[in-house]
There are 2 protein chains.
Amino acid sequence: MKDAISVLRECHIQPTPQRIAVVDYVLNTRAHPSADEVLEHARKKCPTVSRATVYNTLNLMVKKGLLKTQLLKEGTVFFDPNMGKHHHFIDNETGDIYDIPWDHLQITEKERLKGFEISEYQVIMRGRRKKK
Amino acid sequence: MKDAISVLRECHIQPTPQRIAVVDYVLNTRAHPSADEVLEHARKKCPTVSRATVYNTLNLMVKKGLLKTQLLKEGTVFFDPNMGKHHHFIDNETGDIYDIPWDHLQITEKERLKGFEISEYQVIMRGRRKKK
DNA sequence: TCATCGTATTAGAATAAGTCTAAAATTAGA
DNA sequence: TCTAATTTTAGACTTATTCTAATACGATGA
């Protein structure tokens, strides 16, 4: 459970009630919320927070390295508080997004990728969770 | 070089001048065009084609299995005529998108992913092309 | 305590991708 | 050729996101 105020101070961002509400939710969830979902949750703690402030805060957090954006479905960006390397699985039926631990897959370069300087990568898997 | 009219006939889609212009461009490029880029190119062959028709045709092609959508950058969907399995590399500096052949990478499941029925996957890599 | 100044927040306007709609145009078939 | 079905179109609409300009807040120094 990360303390929003401490995190904000460490990043030299002034802790305001609105930012605390955003950070407190987004850094302590295992979900991959959209901006709208963050807004909805942040309003439980700070009912007056505006959409613009949520976007401002999320973008600031991305810049400070507290969040990463993920492109997993058409139409919206998702904010991912899991900053360690990991892969993703998307359930096509429910839309649910799962983190897949980095060491569960091994990627080997069989053919040298000449001319490409890879700074990051991930595997994106789609399918469905097994019933039962 | 795929013949647009034959492809449309095979898919039981009526070949109209507008559709031919769209299909002819999008199935014969190695790029990963956005809808807007398809519109721009299709207008070279059929100057009157509308944005709506381009979207209609592209969506129809996706449904018929002639194209795949790819989520590679924020804000737009890209249409990919390469229907074989492959991975992607995105140059963060230029925005260029490259196909990476499927057999250049080997993905091994080290830890069994229990409960996930994976129907498709790909590796998405980001970085930059090496100068030189 | 109060005034001040920079920062933060806000509502709503603006933008951009994509979908929808209803009318007009085109095509296919009898 | 006539009719019905299909296709195309412009523009309205929706949704995610950014921008803007006015207001509110908060820390500081007198």
Side-chain angles (χ1 to χ4, degrees), chain A residues 4-5 7-9 11-26 32-64 66-80 95 97, chain B residues 4-5 7-9 11-26 32-43 45-64 67-80 95 97:
Chain A
I5 299 182
V7 170
L8 286 167
R9 290 229 178 88
C11 292
H12 311 289
I13 304 173
Q14 275 195 42
T16 65
Q18 292 84 342
R19 285 169 174 169
I20 292 165
V22 168
V23 172
D24 186 56
Y25 169 65
V26 83
H32 299 73
S34 64
D36 238 47
E37 285 159 356
V38 175
L39 175 65
E40 194 181 315
H41 282 89
R43 281 196 166 152
K44 289 180 187 164
K45 179 169 275 220
C46 179
T48 66
V49 67
S50 71
R51 195 176 302 275
T53 295
V54 168
Y55 275 101
N56 287 341
T57 305
L58 290 171
N59 290 336
L60 195 51
M61 291 176 76
V62 169
K63 199 177 300 171
K64 294 287 186 176
L66 294 169
L67 288 179
K68 251 187 82 65
T69 55
Q70 297 286 352
L71 304 176
L72 301 171
K73 299 184 202 167
E74 295 186 12
T76 47
V77 163
F78 296 96
F79 293 89
D80 191 347
I97 298 165
Chain B
I5 298 183
V7 170
L8 286 167
R9 289 229 178 86
C11 291
H12 312 288
I13 303 174
Q14 277 194 41
T16 65
Q18 293 84 341
R19 284 170 174 167
I20 292 165
V22 169
V23 172
D24 186 56
Y25 169 65
V26 83
H32 298 73
S34 66
D36 240 47
E37 284 159 357
V38 174
L39 176 65
E40 195 181 317
H41 283 90
R43 282 197 167 152
K45 178 169 276 219
C46 178
T48 66
V49 67
S50 71
R51 194 175 303 275
T53 294
V54 168
Y55 274 103
N56 287 342
T57 306
L58 290 172
N59 290 336
L60 195 52
M61 292 176 76
V62 170
K63 200 177 299 174
K64 294 285 187 178
L67 288 180
K68 250 186 82 67
T69 55
Q70 297 286 352
L71 304 176
L72 300 170
K73 299 184 202 167
E74 293 186 15
T76 46
V77 163
F78 296 96
F79 293 89
D80 190 348
I97 297 166

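By convention in this document, chain letters (A, B, ...) are assigned in the order of the sequence lines, proteins followed by strands, and residues within each chain are numbered from 1. Keep in mind it's a predicted model, so treat the numbers as computed, not measured.
Within 4.0 Å of B/Asp36, counting heavy atoms only, lies no atom of the nucleic acid at all.
Here D/dA16 presents its C1' atom at 14 Å from CD of A/Glu74, a figure rounded to the nearest Å. Taking atom CG of B/Asn59 as the reference point, atom P of C/dA17 lies 15 Å away to the nearest angstrom. If you take CD of A/Glu40 and P of D/dA16, they are 12 Å apart, rounded to a whole angstrom. Atom NE2 in A/His12 sits roughly 19 Å away from atom C1' in C/dA8 (whole-Å rounding). Atom CZ in B/Arg43 sits about 12 Å away from atom C1' in D/dT8, given to the nearest Å. Distance, B/Leu60 CG to C/dT19 C1': 15 Å, rounded to whole Å. Taking atom CG of residue A/Leu8 and atom C1' of nucleotide C/dT9, one finds them 15 Å apart after rounding to whole Å. Rounding to whole angstrom units, CD1 of residue B/Ile13 and P of D/dT8 are separated by 11 Å.
The local environment of NZ in B/Lys73 is crowded, with over 12 non-hydrogen atoms from other residues, nucleotides or ligands closer than 6.0 Å.
With distances taken from any side-chain atom of B/Gln14 to the nucleotides D/dT7, D/dT17, C/dA8, the minimum falls on D/dT7.
A/Thr69 places a side-chain heavy atom less than 4.5 Å from the side chain of A/Phe79. Within the 4.5 Å cutoff, the side chain of A/Val77 has heavy atoms near those of the A/Leu71 side chain.
What you find for A/Ala21 and A/Cys46 is that their closest heavy atoms are CB-CB, 3.7 Å.
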Review item, side-chain donor-acceptor pairs of residues 48-60 of chain A, under 3.5 Å, at least two apart:
residue: A/Ser50; atom: OG; partner: A/Thr53; partner atom: N; Å: 3.2
residue: A/Ser50; atom: OG; partner: A/Thr53; partner atom: OG1; Å: 3.2
residue: A/Arg51; atom: NH1; partner: A/Asp36; partner atom: OD1; Å: 2.4
residue: A/Asn56; atom: ND2; partner: A/Ala52; partner atom: O; Å: 3.4
residue: A/Thr57; atom: OG1; partner: A/Thr53; partner atom: O; Å: 2.8
residue: A/Asn59; atom: ND2; partner: A/Tyr55; partner atom: O; Å: 3.3

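The CD atom of A/Glu74 lies 10.5 Å from the CD atom of B/Gln70; values are rounded to the nearest 0.5 Å. Atom NZ of A/Lys63 is separated from atom CD1 of A/Ile13 by 10.0 Å, given to the nearest 0.5 angstrom.
Within a heavy-atom distance below 4.0 Å of DNA chain D, the residues of residues 47-56 of chain A found are A/Arg51, A/Ala52, A/Tyr55.
Phosphate proximity of C/dA17 to B/Ser34: absent, as no side-chain N or O sits under 4.0 Å from OP1 or OP2. Checking the phosphate oxygens (OP1, OP2) of D/dT9, a side-chain nitrogen or oxygen of B/Gln18 falls inside 4.0 Å.
Annotation: of the two residues near DNA chain C, A/Cys46 and B/Phe78, the 5′-most nearest-nucleotide partner is A/Cys46.
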